[in-house]
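Quick note: residue numbers are just sequence positions, from 1.
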Amino acid sequence: TNMKHNVGSYDAAARTVLGLGMMMAGHHLRSAWGFAGFIPLLTAMAGFCPLYWLLGIETFTADEKDDPHGPGAKPV
C-alpha cells in the first residue's frame with residue numbers, strides 16, 4: 001500500500017526525540033510504559049500518523065513534497 005506522508009521533517013524530528021526520551025525514561029524507571037515510545041518513533045520513520053490522517057492534519061509541506069531526496073521520494 002502507498003500511504004500518503006502527513007508527518008513533516010520537523011514533526012518527525014520532534015517525534016524521534018520524544019520517542020527516544022520515552023523509551024529511555026521507561027528503561028530508567030523500569031516501566032513497561034517505555035514501550036509506548038515506539039509509537040512516535042515508528043510514525044516518524046514511516047512519515048505517516050494514523051491519528052493525523054483521521055483528523056485531516058498534515059505537517060508535510062509542499063517544499064518537502066517537491067524534494068527529490070525527501071521521505072516521499074520515489075526510488076530510481
Side-chain angles (χ1 to χ4, degrees):
T1 62
N2 187 7
M3 294 183 297
K4 181 181 174 196
H5 284 86
N6 61 5
V7 174
S9 58
Y10 290 112
D11 190 358
R15 288 169 182 264
T16 300
V17 170
L18 176 68
L20 291 173
M22 289 170 65
M23 291 168 65
M24 288 189 305
H27 177 72
H28 179 72
L29 299 172
R30 301 197 189 289
S31 168
W33 280 99
F35 286 110
F38 279 109
I39 295 169
L41 200 58
L42 291 174
T43 58
M45 290 189 311
F48 178 79
C49 176
L51 185 60
Y52 275 13
W53 177 73
L54 285 172
L55 298 175
I57 298 171
E58 187 172 308
T59 61
F60 194 66
T61 64
D63 290 341
E64 290 173 309
K65 290 176 186 171
D66 296 334
D67 183 1
H69 303 292
K74 300 211 181 340
V76 179

For residues 18-36, which side-chain donor-acceptor pairs fall under 3.5 Å, sequence neighbours excluded?
{"unit_1": "Ser31", "atom_1": "OG", "unit_2": "Trp33", "atom_2": "N", "d": "3.0"}

N/O donor to acceptor pairs below 3.5 angstrom from side-chain atoms of residues 7-17, sequence neighbours left out:
{"unit_1": "Ser9", "atom_1": "OG", "unit_2": "Glu64", "atom_2": "OE2", "d": "2.6"}
{"unit_1": "Asp11", "atom_1": "OD1", "unit_2": "Arg15", "atom_2": "NE", "d": "3.0"}
{"unit_1": "Asp11", "atom_1": "OD2", "unit_2": "Tyr52", "atom_2": "OH", "d": "3.0"}
{"unit_1": "Asp11", "atom_1": "OD2", "unit_2": "Thr59", "atom_2": "OG1", "d": "2.9"}
{"unit_1": "Arg15", "atom_1": "NH1", "unit_2": "Thr43", "atom_2": "OG1", "d": "2.9"}
{"unit_1": "Arg15", "atom_1": "NH2", "unit_2": "Tyr52", "atom_2": "OH", "d": "3.4"}
{"unit_1": "Thr16", "atom_1": "OG1", "unit_2": "Ala12", "atom_2": "O", "d": "2.8"}

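- In this structure, the side-chain contact (heavy atoms from CB on, under 4.5 Å) partners of Leu55, at least two apart in sequence or on a different chain, are Leu51, Ile57.
- Screening residues 37-62 for salt bridge (charged side-chain N to carboxylate O under 4.0 Å, His left out), with sequence neighbours left out, gives Lys4-Glu58, Glu58-Lys65.
- For residues 44-54, no pair satisfies salt bridge (charged side-chain N to carboxylate O under 4.0 Å, His left out), with sequence neighbours left out.
- With rounding to the nearest 0.5 angstrom, the SG atom of Cys49 is 11.5 Å from the CG atom of Leu42.
- Note that CZ of Phe60 and CG of Asn6 are 9.5 Å apart. Values are rounded to the nearest 0.5 Å.
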